[in-house]
Amino acid sequence: AVLALGVVGCGEKKEEKKAEAPAAAPAAPAGPKTIIFASDAAYPPMQYVNDQKEIVGFEVDVIKAAAEKAGFKAEFKNVAWDGIFAGLAAGKYDAISSSVSITDERKASMDFSDPIMSIEQMLVVGVKEKATDLAGLKGKSIGAQIGTTSYLVIKDVKGFKAIKTYDEVGLAMEDLVKGSIQAVVADSPVAVDYTTKKHADKIKIAATLKSDKVENIGIAVKKGNKEVLDLVNKGLAAIKADGTFDKIKEEHKMK
Amino acid sequence: MPVNSPPTAPIVDIRHVSKSFGALKALNNVSMSMSLGEKVVIIGPSGSGKSTLLRSINKLESVDSGTIIVDGQDINAPATDINRLRMELGMVFQSFNLFPHKTVLQNLTLAPIKLKGMGQAEADEMAMRLLDKVGIREKAHVFPAKLSGGQQQRVAIARALAMSPKIMLFDEPTSALDPEMIGEVLDVMVKLAKEGMTMAVVTHEMGFAREVADRVVFMDHGAIVEEGTPEHFFQNPEHERTKLFLSQIL
Amino acid sequence: MPVNSPPTAPIVDIRHVSKSFGALKALNNVSMSMSLGEKVVIIGPSGSGKSTLLRSINKLESVDSGTIIVDGQDINAPATDINRLRMELGMVFQSFNLFPHKTVLQNLTLAPIKLKGMGQAEADEMAMRLLDKVGIREKAHVFPAKLSGGQQQRVAIARALAMSPKIMLFDEPTSALDPEMIGEVLDVMVKLAKEGMTMAVVTHEMGFAREVADRVVFMDHGAIVEEGTPEHFFQNPEHERTKLFLSQIL
Amino acid sequence: MNEARTIDVGEGAAIPSRSDWGLFNAWTISITGAVGAILYLYFFQSTPYKRIAHYVADGIIITFQVTIMSILCACCIGLVVGLGRVSKNKAVNLAASTYVEVIRGIPLLVQLFYIYYALGRLLNVHDLTAAVIAMSVCYGAYMGEVFRAGITSIDKGQTEAARSLGFNTKQTMFLVILPQAWHTILPPVGNEFIALLKDTSLVSILAVSDLLRRGREISSESFLYFETYTLVALIYLVITLILSKGVSIMEARLSHYARQ
Amino acid sequence: MNEARTIDVGEGAAIPSRSDWGLFNAWTISITGAVGAILYLYFFQSTPYKRIAHYVADGIIITFQVTIMSILCACCIGLVVGLGRVSKNKAVNLAASTYVEVIRGIPLLVQLFYIYYALGRLLNVHDLTAAVIAMSVCYGAYMGEVFRAGITSIDKGQTEAARSLGFNTKQTMFLVILPQAWHTILPPVGNEFIALLKDTSLVSILAVSDLLRRGREISSESFLYFETYTLVALIYLVITLILSKGVSIMEARLSHYARQ
Ligand SMILES: Nc1ncnc2c1ncn2[C@@H]1O[C@H](COP(=O)(O)OP(=O)(O)OP(=O)(O)O)[C@@H](O)[C@H]1O
Ligand SMILES: Nc1ncnc2c1ncn2[C@@H]1O[C@H](COP(=O)(O)OP(=O)(O)OP(=O)(O)O)[C@@H](O)[C@H]1O
Ligand SMILES: [Mg+2]
Ligand SMILES: [Mg+2]
């Protein structure tokens with residue numbers, strides 16, 4: 001599947017295509033609609049940049065598969081997370097595919113597709129740390145990526161020495177490995193990825209933070225953009241129905 | 001040179017002009033006029049307002065009150081195109097002010113080409129004629145920095161003449177020059193005077209004043225103290241102030 | 001003033017000293033010595049190496065070859081503590097070089113306090129005595145910028161004296177002064193000479209040389225051309241070059 | 001002093017000049033060291049440096065693209081602002097001065113965020129354009145001061161001579177003053193170019209794929225922070241050193257020209 | 001020209017001076033406008049500006065903390081570098097010059113990443129400390145040039161007079177030269193202070209909770225990008241305007257002092 005999406009080149013190429021997008025690709029007049037997805041591609045294994053500078057990952061593959069089924073063309077654009085919603089509102093792209101959790105606050109300013117999957121918030125700590133919940137980390141420093149639901153979990157918890165926000169979740173993990181902070185809260189797929197692949201010997205998952213609500217991730221579109229939403233939902237439903245979704249999950253070794 | 005106004009009407013008419021710099025009255029109710037072809041030499045001690053008077057004629061300095069009529073036009077009237085009028089008034093500065101990024105020839109041709117729409121060839125030819133006149137034809141393609149002060153000032157005169165002005169204004173054209181070079185510039189100015197150019201000259205060169213001036217004007221403290229022919233002026237000055245000045249300078 | 005070396009041994013002994021600035025030979029195999037209490041006046045045209053010679057005595061200028069012995073110590077020897085030795089050598093510059101951020105009194109006391117560990121009170125008292133001597137006691141608490149050139153130079157002399165040097169070096173101490181002020185500085189220098197100070201003075205003041213010098217040294221092109229008593233010097237100079245120089249300067 | 005300060009705004013590189021012995025030699029040492037280090041790492045420590053080098057290479061092009069487009073726009077803005085700053089028209093003058101005062105009072109990074117996110121809704125431009133706009137707006141203010149200083153460095157007599165020949169204000173400026181001012185203006189513009197090139201690293205925060213962004217991408221993926229940032233720093237260093245030498249040569253040429 | 005350039009490194013604010021009519025008035029307009037806008041937004045547009053203002057307030061303190069600590073360290077480094085740059089000892093001189101050349105050749109943001117992430121594993125320092133180290137190392141190079149220019153601005157005669165009294169090099173520098181040089185040094189140091197304050201916005205990238213970081217946090221959470229960045233920019237503007245007025249007053253005082 002990875003090879004099939006090798007079209008996306010460097011930033012420049014993407015821009016050119018974006019500019020042509022409204023003209024509905026004159027070279028192929030009857031061609032499928034192109035949807036541009038913004039992605040904070042520093043979020044392995046969901047979406048990240050590989051050695052060929054392509055945006056790849058689980059969610060990317062899901063969207064590509066859905067696109068095939070629903071008959072649209074998906075293009076990905078790397079966007080820094082803390083401005084990703086501003087860009088959507090400004091119409092710089094059609095949708096956000098960046099492990100966006102569906103929350104009530106966000107629903108107020110954008111529309112969401114059907115859930116792709118549910119995730120949980122996980123507490124990641126150093127291998128020697130004994131604490132197994134947030135309370136056990138009082139007096140220590142904790143971090144999360146800026147503007148994420150992970151950050152919302154810790155934002156209002158009292159008793160930490162410092163609550164730090166990072167541009168990228170990887171930078172938070174790096175600080176954890178370095179010892180600048182003692183814990184990171186992150187989405188479950190990301191937490192698993194970092195603790196099993198990248199820094200298996202240095203950090204571990206201490207706990208899954210229980211919540212009374214189920215947290216789902218989905219594709220965000222500008223409020224009222226029904227056309228895109230319908231296409232995405234159609235594709236998602238199709239791949240879930242025919243087992244493609246589970247196959248991709250397996251490929252990416254997701255539980 | 002075409003003459004538009006009847007010979008009796010003055011070509012420059014300065015009436016009750018005053019000008020202050022802050023608290024300092026640089027010009028204090030000055031009136032003076034020049035008729036076509038007349039050569040007026042303005043003298044006076046430093047700071048007496050000579051330059052200010054000369055510069056106000058082509059509005060490099062704008063006056064506070066009074067009127068200045070040049071060639072029939074009030075230079076301060078809103079309808080007057082001062083840039084047009086300035087083409088009638090050639091000005092030569094103490095510090096030459098040649099354009100250092102242009103050759104001597106280009107210094108002469110720039111304004112005629114850009115302002116009068118003269119063709120390159122015509123302008124070049126005219127410029128060479130003028131350079132001949134001031135005696136430095138051979139320096140046409142040299143940059144000003146390579147010239148001596150005297151040569152630069154002669155180019156500056158030629159540059160002003162290139163616009164075929166009706167009147168030439170000189171503000172101490174030889175004061176910045178070494179003694180050896182003063183002569184060559186004065187020679188050009190005398191030649192110009194003999195050809196009938198209307199000239200207003202601020203200078204300390206009394207020999208020039210004696211030889212060329214139709215009228216000498218003596219200024220002090222922003223006012224014209226005395227004026228008259230060179231003969232009157234150098235032999236029987238009326239005012240004490242004039243006598244004192246002449247005794248110092250001669 | 002305690003004398004360490006026997007009176008016969010020279011207190012300054014310059015032997016075969018040369019010094020170049022790039023291609024220019026500022027000093028060319030110069031030898032000269034001074035004994036204790038002697039006053040030597042060095043004269044010569046501009047650029048002849050007078051300043052360089054004087055400055056090389058306290059190593060403000062380091063020489064290329066030759067030796068300089070001051071008070072028994074080779075100033076270029078590695079073992080010599082040049083900062084210690086400089087305390088024996090008071091220097092007065094053409095441009096005064098007072099410390100503008102210190103009062104007159106502090107200018108005098110800074111070095112004795114910091115370098116000799118003198119107490120504040122003792123230093124102040126000594127400084128006031130010296131200011132008395134140069135005649136500007138009343139300016140003790142004023143900043144140098146408020147003083148005239150002559151006053152500044154007298155302070156500079158007092159500052160040098162505050163370190164109780166054995167030898168005083170003067171490099172054209174009056175050249176930067178207006179004529180009215182030259183006298184007041186020379187007076188102080190004459191007084192100092194009368195008290196028996198060893199002095200090397202570069203100057204164009206021939207009157208001073210006549211009155212004070214034990215020996216006059218004439219330099220040209222980096223070499224000593226002629227030396228002798230003032231009488232010999234001003235009445236019967238031997239060399240053509242000396243005669244020419246004296247004829248120009250007197 | 002004031003005059004001098006305003007023309008010498010640059011936070012560019014340290015320009016090596018022959019009169020500054022230390023800097024002149026330091027330049028040689030630095031460039032030799034930096035180029036040597038890059039070559040050594042690339043050829044003798046191929047893993048992982050070769051991989052990093054290939055990954056970040058296209059970032060250098062983006063960095064130059066942003067720099068060159070921004071400096072061109074900044075020069076245009078700077079010319080307008082500089083003319084405004086010397087204008088006798090009080091309203092124009094004040095407008096230009098206020099622009100300079102406000103823009104120089106706000107950090108470039110904040111301006112970047114502002115233009116990108118805050119104004120993003122109004123002017124729907126893509127990243128590279130937003131970056132270029134922000135850099136130009138910011139450097140336009142600095143450039144304005146450079147132009148102003150260049151214009152005021154020309155003797156008043158030149159204006160008077162031109163005006164007395166009959167040229168109007170605009171002709172005087174473009175035919176007489178500016179052609180002379182560029183000698184004064186060019187070296188500080190070169191310096192601003194270097195400063196701007198360094199500051200383009202800030203656009204990496206907007207996910208523009210410049211040199212630094214590429215470095216951040218590969219380091220966060222490969223965890224080769226030390227190796228990546230060493231290489232990125234060396235690349236920036238070599239670029240600015242070469243440019244600063246260029247400015248130094250230009251300065252020497254122009255001052256030579258000015259003397260003749 | 002060279003001398004002047006090196007002391008006037010500042011990318012600080014545009015310092016309003018009485019001799020610059022336009023800038024002087026522009027300052028008044030800008031500060032009135034900025035303060036007025038903040039007050040208006042806070043009191044008459046309380047939602048959402050009050051919320052934003054309260055959220056970012058503690059960021060201002062961090063910004064000042066980083067600025068003040070960094071400028072102090074940078075001054076110390078600058079003094080050492082400046083002394084090195086004027087040293088007659090060729091090795092010392094070259095070391096100082098190379099430091100200046102290299103540091104000024106690398107973007108501050110790259111230096112920040114380098115110190116924080118690349119060297120971070122070796123020297124495991126607190127983020128604030130890393131920020132201060134990086135800012136100090138970078139500004140130390142600029143400050144070194146300020147000190148160097150200040151030192152060389154003192155007449156050579158002062159050194160000669162001090163040396164001839166018997167002071168050694170160090171005593172001469174600290175008792176005679178530096179006490180005089182601070183008049184020349186202080187205004188550009190003030191300017192560097194402003195430039196540094198603006199550049200502290202970069203440390204927001206290291207997850208230091210300064211003013212800009214706080215702004216980014218609240219805007220990414222509340223989606224009030226326009227409102228947040230407007231307020232943040234205004235706060236920065238007011239701070240730098242006030243500081244630039246301070247520098248301007250200091251400059252006038254010192255030049256008055258120098259005249260007396
Ligand atoms: N732009 C100016 N601003 C302020 N004062 C000025 C200005 N131009 C001239 N002045 C003052 O006005 C007075 C008259 O100046 P002006 O140059 O006309 O004298 P002048 O007779 O030409 O003297 P000089 O022989 O020195 O050239 C002088 O006191 C001068 O200082
Ligand atoms: N630091 C220096 N660098 C280069 N050349 C120098 C230096 N100091 C002196 N010189 C040159 O050395 C020569 C001797 O200089 P010195 O100052 O000793 O002459 P002087 O006799 O004192 O002249 P003056 O009466 O002008 O003071 C002069 O040609 C001078 O230009
Ligand atoms: Mg005059
Ligand atoms: Mg001398």
Side-chain angles (χ1 to χ4, degrees), chain D residues 1-2 4-5 8-11 13-17 19-23 25-27 29-30 85 93-94 96-98 100-102 104-111 113-114 117-118 120-121 142 145 195 198-199 201-202 204-205 212 216 219 225-226 229-230 232-233 236-237 240-241 244 255, chain E residues 1-2 4-5 8-11 13-17 19-23 25-27 29-30 85 93-94 96-98 100-102 104-111 113-114 117-121 142 145 195 198-199 201-202 204-205 212 216 219 225-226 229-230 232-233 236-237 240-241 244:
Chain D
M1 165 98 195
N2 261 329
R5 193 186 57 231
D8 301 319
V9 212
E11 289 234 326
I15 309 295
S17 87
S19 64
D20 190 337
W21 174 89
L23 220 48
N25 287 302
W27 185 88
I29 292 178
S30 308
R85 288 273 282 126
N93 190 315
L94 215 51
S97 301
T98 306
V100 169
E101 189 81 47
V102 169
R104 291 186 60 176
I106 300 174
L108 174 57
L109 189 55
V110 175
Q111 291 181 43
F113 276 109
Y114 197 81
Y117 295 132
R121 283 181 208 208
Y142 292 94
E145 292 303 274
K198 291 199 294 168
D199 274 348
S201 58
L202 301 193
S204 67
I205 296 174
L212 179 57
R216 291 175 66 181
S219 65
Y225 289 99
F226 181 82
Y229 287 119
T230 300
V232 167
Y236 272 112
L237 184 57
T240 54
L241 284 176
S244 71
S255 76
Chain E
M1 166 99 195
N2 261 328
R5 192 188 57 230
D8 300 320
V9 211
E11 288 235 325
I15 308 294
S17 87
S19 64
D20 190 336
W21 174 89
L23 219 48
N25 287 303
W27 185 88
I29 292 177
S30 309
R85 289 272 283 127
N93 190 314
L94 215 50
S97 301
T98 308
V100 169
E101 190 82 47
V102 169
R104 292 186 61 175
I106 301 173
L108 174 56
L109 189 54
V110 175
Q111 290 180 43
F113 275 109
Y114 197 81
Y117 292 117
L119 301 182
R121 288 189 196 194
Y142 293 95
E145 292 303 273
K198 290 199 292 167
D199 274 348
S201 58
L202 302 194
S204 69
I205 309 218
L212 178 57
R216 292 174 67 184
S219 67
Y225 293 99
F226 181 81
Y229 287 117
T230 301
V232 167
Y236 272 113
L237 183 57
T240 54
L241 284 176
S244 71

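- For the pair S244(E) and R104(D), the minimum side-chain heavy-atom distance is 4.5 Å or more.
- Contact annotation for L237(E): both backbone and side-chain heavy atoms come within less than 4.5 Å of a heavy atom of chain D.
- Each of S97(E), P107(E), A96(E) has some count of heavy-atom pairs under 4.5 Å with chain D, and the biggest count is that of P107(E).
- Going from atom OG of S201(D) over to atom CZ of F113(E) covers 9.0 Å, rounded to the nearest 0.5 Å.
- The nearest pair of heavy atoms linking A233(E) to I106(D) is O-CG1, 3.9 Å.
- With values rounded to the nearest 0.5 angstrom, Y229(E) atom OH is found 13.5 Å from Q111(D) atom CD.
- Between K198(D) and L108(E), every side-chain heavy-atom pair lies at or beyond the 4.5 Å cut-off.
- Residue contact with chain D, scored on non-hydrogen atoms closer than 4.5 Å, involves the side chain of L212(E) exclusively.
- Of the listed residues L94(E), V100(E), N25(E), the one with more heavy-atom pairs under 4.5 angstrom with chain D than any other is L94(E).
- Partners of Y236(D) according to the ring pair (Phe, Tyr, Trp, His ring centres under 6.0 Å) rule, which considers only residues two or more places apart in sequence or in another chain, do not exist here.
- In terms of the side chain to side chain donor-acceptor pair (under 3.5 Å) criterion, residue partners of T230(D) (sequence neighbours excluded) are, by chain and number, Y114(E).
- Counting only heavy atoms from C-beta outward, the side chains of I205(D) and L109(E) approach each other to under 4.5 Å.
- Between L202(D) atom CG and D199(E) atom CG the span is 8.0 Å, to the nearest 0.5 Å.
- Contact detail for S30(E) and V102(D): the closest heavy-atom pair is OG-CG2, 3.7 Å.
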